[in-house]
Amino acid sequence: MSHVAVVGAGLGGIGTAVRLAALGHRVTLIEKNNTPGGKLNILEEDGFRFDTGPSLVTLPGVLADTFHAAGRRMEDYLTLEPLEPICRYRYPDGSGLDISTQLPKLVSEVGNFAPNDVTGLFRFLAYSRSLFERAGPVFLMRERPRLLDLLSRRAFDLLRIDAHMSMHRAVRRFFHDPRMVQLFDRYATYNGSSPYKAPATLAMIPYIEMAGGGFYIQGGLYRLAEALMQVAREMG
């Protein structure tokens, strides 16, 4: 096995280092900042501690797979708590909307908040799911996308992930209320993108969050970076 250098101790870098070490490689993880975690980090002042970056966890099975690859159980390092509601939106006019993972609650909330957009909500979630089903298997769930994937019957699906249009343009097709457009536009900001420039493919994110749930980590989300670093150190 070889000696591998991983540059950058964000979550991707730490996870890569852990997986390479599990395969028997000697790994050096390099980070320019004082703390690991990348965008997921902390601000500590006057005895208080604030997470920066992500505000919740989705697809916890992906995280569990990384611990499993290292011969560990995520539950021995982290405690995840499901969020209900996932998020509360409040607007300057005093209106508000809770986003729930329970469809009847979600529909009821939207019905009270923007009654003309209930049908649009169903149509948008179906659209969001279709994007996830088309793009997810190749771009999200495979550790290393293969050329064969692009030449298989999935190739046609990959042409239908709406990468040619902006997320804002896609969202606007489903909702009339500008607050609903703004709400679903903001999912592009999860990876620091602008909905006016990012591809509509990112509209899969609401489905992932609403269907799979959002989770908080006891002790704050920075516990994830700390736990992965603990595993990395245990593996040398």
Side-chain angles (χ1 to χ4, degrees), residues 1-44 49 51-80 131-155 157-159 161 163 188-193 198-199 201-202 204-205 208 212 215 217-236:
M1 293 294 180
S2 55
H3 183 187
V4 181
V6 177
V7 180
L11 291 185
I14 306 171
T16 299
V18 165
R19 287 174 177 268
L20 287 169
L23 293 173
H25 296 285
R26 187 161 61 96
V27 183
T28 300
L29 181 59
I30 303 166
E31 172 56 53
K32 69 174 181 176
N33 294 316
N34 294 328
T35 55
K39 187 170 72 170
L40 172 63
N41 228 288
I42 52 169
L43 174 66
E44 295 183 284
R49 172 168 156 155
D51 288 321
T52 66
S55 55
L56 52 76
V57 171
T58 53
L59 296 178
V62 174
L63 300 178
D65 285 345
T66 300
F67 284 89
H68 180 72
R72 269 78 170 169
R73 295 187 335 128
M74 182 174 69
E75 295 81 2
D76 294 332
Y77 295 81
L78 299 170
T79 300
L80 270 63
L131 291 176
F132 176 66
E133 290 176 342
R134 292 166 187 168
V138 175
F139 295 115
L140 290 181
M141 300 307 179
R142 275 203 182 280
E143 293 179 16
R144 184 184 302 170
R146 303 173 305 175
L147 180 61
L148 183 61
D149 290 322
L150 304 179
L151 299 177
S152 70
R153 59 191 178 89
R154 283 207 179 107
D157 278 346
L158 295 178
L159 296 174
I161 59 175
T189 68
Y190 271 29
N191 66 0
S193 299
T201 314
L202 294 184
M204 73 171 77
I205 299 174
I208 293 172
F215 299 83
I217 298 176
Q218 276 190 12
L221 264 70
Y222 192 68
R223 281 289 305 125
L224 175 56
E226 293 174 330
L228 287 174
M229 283 299 295
Q230 181 180 342
V231 173
R233 291 189 178 100
E234 289 171 1
M235 302 182 73

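Keep in mind that this is a model prediction, so the values were computed, not measured.
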> What pairs with Thr66 under side chain to side chain donor-acceptor pair (under 3.5 Å), at least two apart in sequence or on another chain?
Replying inline: Arg19
> Does any non-hydrogen side-chain atom of Leu63 lie less than 4.5 Å from one of Leu224?
Replying inline: yes
>> If the condition is side chain to side chain donor-acceptor pair (under 3.5 Å), which residues does Gln218 pass it with, not counting sequence neighbours?
In response: Glu81
>> Quick test of your reading: applying salt bridge (charged side-chain N to carboxylate O under 4.0 Å, His left out), list the pairs with at least one residue in residues 219-230, sequence neighbours left out, ordered by first then second residue.
In response: Arg49-Glu226, Arg223-Glu226
> Which distance, rounded to the nearest 0.5 Å, do you find between the OG1 of Thr35 and the CG of Asn41?
Replying inline: 3.5 Å
> Excluding sequence neighbours, so at least two apart, what forms side-chain contact (heavy atoms from CB on, under 4.5 Å) with Thr201?
Replying inline: Ala135, Ile161, Ala163, Pro199, Met204
> Can you list the residues that meet the side-chain contact (heavy atoms from CB on, under 4.5 Å) rule with Pro36, with sequence neighbours excluded?
Replying inline: Ala9, Ile14, Tyr222, Met229
> Which residues pass the ring-ring contact (aromatic ring centres under 6.0 Å, His included) test with Phe215, sequence neighbours left out?
Replying inline: none
>> Please list all pairs meeting salt bridge (charged side-chain N to carboxylate O under 4.0 Å, His left out) that have one or both residues in residues 59-75, counting only residues at least two apart or in different chains.
In response: Arg72-Glu234, Arg73-Asp76
> Which residues pass the side chain to side chain donor-acceptor pair (under 3.5 Å) test with Ser193, sequence neighbours left out?
Replying inline: Asn191
> How far does CG of Leu11 sit from CG of Leu40, to the nearest 0.5 angstrom?
Replying inline: 5.0 Å
> How far apart are the closest heavy atoms of Gly8 and Leu29, and which atoms are they?
Replying inline: O-CD1, 3.8 Å
> What is the minimum heavy-atom distance between Thr28 and His3, and which atoms define it?
Replying inline: OG1-NE2, 2.7 Å
> How many angstroms lie between OG1 in Thr189 and CG in Leu202, if you round to the nearest 0.5 Å?
Replying inline: 10.5 Å
> Shortest non-hydrogen contact from Leu80 to Pro60?
Replying inline: CD2-CB, 3.6 Å
>> If you compare all heavy atoms of Ala225 against all heavy atoms of Gly37, which two are closest, and at what distance to 0.1 Å?
In response: CB-CA, 4.0 Å
>> Looking at every heavy atom in both Leu221 and Pro54, which two are closest together, and how far apart are they?
In response: CD2-O, 3.5 Å
>> According to side-chain contact (heavy atoms from CB on, under 4.5 Å), who are the partners of Ala64, at least two apart in sequence or on a separate chain?
In response: Met74
>> Could you work out, with salt bridge (charged side-chain N to carboxylate O under 4.0 Å, His left out) as the rule, every residue matching Arg26, not counting sequence neighbours?
In response: none
> Mind checking what makes salt bridge (charged side-chain N to carboxylate O under 4.0 Å, His left out) contact with Glu31, not counting sequence neighbours?
Replying inline: none
>> With a 4.5 Å cut-off on side-chain heavy atoms, are Thr52 and Ile42 touching?
In response: no
> Between Ala5 and Ile30, what is the shortest heavy-atom contact and its length?
Replying inline: CB-CD1, 4.2 Å
>> If I take atom CG from residue Leu59 and atom CD1 from residue Ile205, how far apart are they, to the nearest 0.5 angstrom?
In response: 10.5 Å
> Partners of His68 by side chain to side chain donor-acceptor pair (under 3.5 Å), sequence neighbours excluded?
Replying inline: none
